[in-house]
*Asks:* 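Shown below is the structure under consideration.
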Amino acid sequence: MSDATRISLTRFLIEQQREHGQINANLRLLIEVVARACKRISIAVNKGALGNILGSADTENVQGEIQKKLDVVSNEILLEDNEWGGYLASLASEEMDDPHSIPQHFPKGEYLLVFDPLDGSSNIDVNISVGTIFSVLRAPEGVEDPDESAFLQPGVKQVAAGYAIYGSSTMLVLTFGQGVYAFTLDRVEGSFKLTGSNLRIPEETSEFAINMSNMRHWQAPMKQYIEELLAGKTGPRGRDFNMRWVASMVADVHRILTRGGIFIYPRDMKDPSKPGKLRLMYEANPMSFIVEQAGGAATTGLERILDLQPEKLHQRVPVFLGSKAEVERVSQYHRDAQA
Ligand code: AHM
Ligand code: MG
């Protein structure tokens, strides 16, 4: 297929609205605007050192992490592009302590948007893939100015989720709960084109992604599972496994959507006050929605991520996601250890 005949994101969304009744005009506009914001972030990422956006911003976010300049720039782009459209009741982000209210002079809408504006920030300065992750929820009815509690809905309530990956090409991956679609940015035309429909994650895999340097801090079932993979052909699994760890969740998840695998960021004892590193609302939930829609599974090791009732906007959770058979196996090890 030539690039000119490929379906654009705009056409795809209009067809989803018109022919399949899956989305309404406001949700279509929301996705289009988020995609446009991701294009702006992609341009900023691509400029690298020439854009004067590498390095630290010398500020801390609510999680006590030093923000990178690009974290701040990406957050501002997403706020600026989305606050005037009339489809949002509020926005929340990894980079802001509290939800961002829609300014008085703009109309308000029915949706909540929550995002990690630049995931994998430690990779910005070394020219490795980073991304944007987002989740769309319905605002509770009758709430004039939604606060944090409005966002605290389980992942099964998401009406859409997606991520953009700024890699060797820029891609947008989306779900509305009826399959997963991938779009590649055509930089000449400036539009996203449909390049993958109904993506499926193979149930079986021989590839895992985990930060092995934390092994000494893991709990027993986690150590057992990885030791078995490392033992390879002569171990209990009877075959060799391969390992990849980009340290950008978007890149690791994107690889798993493309060729299968299991991604794990477990709870560890490095800082016992933290039940994991990744955040539920804008990392684990949207990625779990996408992975389940592609036939994979996503758990905390004990429970399905999408069923969790969030308690805080910036809550952390352990994450096990990807090829179903492996996620089920490692989750079983964790459940057995609890029994
Ligand atoms: P960030 O949102 O601050 O970039 O942190 C999340 C990232 C994930 O993208 C990635 O999977 C993980 O942190 C990597 O952590 P580590 O550096 O511990 O391997
Ligand atoms: Mg992140």
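In listed order, ligands and their atoms are each counted from 1.
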*Asks:* Among pairs that include at least one residue of residues 301-310, which meet side-chain hydrogen bond (donor to acceptor under 3.5 Å, both in side chains), considering only residues two or more places apart or in two chains?
*Replies:*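 Listed by first then second residue: Glu292-Arg304, Arg304-Asp307.
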*Asks:* Answer side chain, backbone, both or neither: which part of Asp252 comes under 4.0 Å from ligand 1, heavy atoms only.
*Replies:*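 Answer for Asp252: neither.
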*Asks:* What atoms of ligand 1 come closer than 4.0 angstrom to any heavy atom of Glu283?
*Replies:*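 So the atoms of ligand 1 that pass are 2 (O), 6 (C).
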*Asks:* Give yes or no for whether the N/O distance cutoff of 3.5 Å, strictly under, is met between Met249 and ligand 1.
*Replies:*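 Min N/O separation from ligand 1 is below 3.5 Å for Met249.
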*Asks:* For ligand 1, find out whether one of its N or O atoms is nearer than 3.5 Å to an N or O atom of Asp119.
*Replies:*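 Yes - when backbone and side-chain N and O of Asp119 are compared with those of ligand 1, one distance drops under 3.5 Å.
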*Asks:* Any idea which part of Phe263 is under 4.0 Å from ligand 1, heavy-atom wise: side chain, backbone, both or neither?
*Replies:*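 Answer for Phe263: side chain.
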*Asks:* Any nitrogen or oxygen of Asn214, side chain or backbone, less than 3.5 Å from one on ligand 1?
*Replies:*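 By distance alone, the answer is no.
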*Asks:* By number and element, which atoms of ligand 1 are closer than 4.0 Å to a non-hydrogen atom of Glu94?
*Replies:*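 Checking each atom against Glu94, I get 1 (P), 2 (O), 3 (O).
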*Asks:* Are any of the side-chain heavy atoms of Leu13 and Phe176 separated by less than 4.5 Å?
*Replies:*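 In short, these two side chains touch, coming nearer than 4.5 Å.
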*Asks:* Between Gly295 and Arg200, which heavy-atom pair has the shortest distance, and what is it?
*Replies:*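 Smallest interatomic distance, heavy atoms only, reads CA-NH2, 3.5 Å.
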*Asks:* Once you restrict to heavy atoms under 4.0 Å, what part of Ser248 touches ligand 1? Side chain, backbone, both or neither.
*Replies:*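 The answer is the backbone of Ser248.
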*Asks:* Under 4.0 Å from any heavy atom of Ala247, which atoms of ligand 1 are there?
*Replies:*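 Close to Ala247: 9 (O), 10 (C), 14 (C).
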*Asks:* How close do Gln158 and Ser135 get, heavy atom to heavy atom, and via which atoms?
*Replies:*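 Answer, listing the atom of Gln158 first, then Ser135: OE1-OG, 2.9 Å.
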*Asks:* Run the ring-ring contact (aromatic ring centres under 6.0 Å, His included) test against Phe151 and tell me which residues pass, sequence neighbours left out.
*Replies:*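 Residues passing ring-ring contact (aromatic ring centres under 6.0 Å, His included) with Phe151: none at all.
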*Asks:* Heavy-atom contacts with Asn211 under 4.0 Å: which atoms of ligand 1 show up? List them by number with element.
*Replies:*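 Answer for ligand 1: 16 (P), 18 (O), 19 (O).
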*Asks:* Output yes when the distance from some N or O of ligand 1 to some N or O of Leu278 is under 3.5 Å, and no in every other case.
*Replies:*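 N/O-N/O distance below 3.5 Å does not exist for this pair.
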*Asks:* Step by step, work out the salt bridge (charged side-chain N to carboxylate O under 4.0 Å, His left out) result for Asp81 and Arg36.
*Replies:* CA-CA 8 Å; Asp81 283 8; Arg36 200 174 312 146; over 6 Å; no
*Asks:* Is there a salt bridge (charged side-chain N to carboxylate O under 4.0 Å, His left out) between Arg11 and Glu15? Walk through the geometry before answering.
*Replies:* CA-CA 6 Å; Arg11 179 172 163 188; Glu15 288 176 354; 2.8 Å; yes
*Asks:* Looking at the rings of Tyr225 and Phe208, which for Trp means the six-membered one, are their centres under 6.0 Å apart?
*Replies:*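 No, the ring of Tyr225 stays outside the 6.0 Å limit from the ring of Phe208, centre to centre.
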*Asks:* Within the 4.0 Å heavy-atom shell around Arg279, which atoms of ligand 1 are there?
*Replies:*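 Here the atoms of ligand 1 in question are 1 (P), 2 (O), 3 (O), 5 (O), 6 (C).
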*Asks:* Taking 4.0 angstrom as the limit, do Glu326 and Arg237 come out as a salt bridge?
*Replies:*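 Salt bridge flag = yes for Arg237 with Glu326.
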*Asks:* Mind checking whether Ser121 has a heavy atom under 4.0 Å from ligand 1?
*Replies:*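 Yes, that is the case, since the closest heavy atom of the residue is under 4.0 Å from the ligand.
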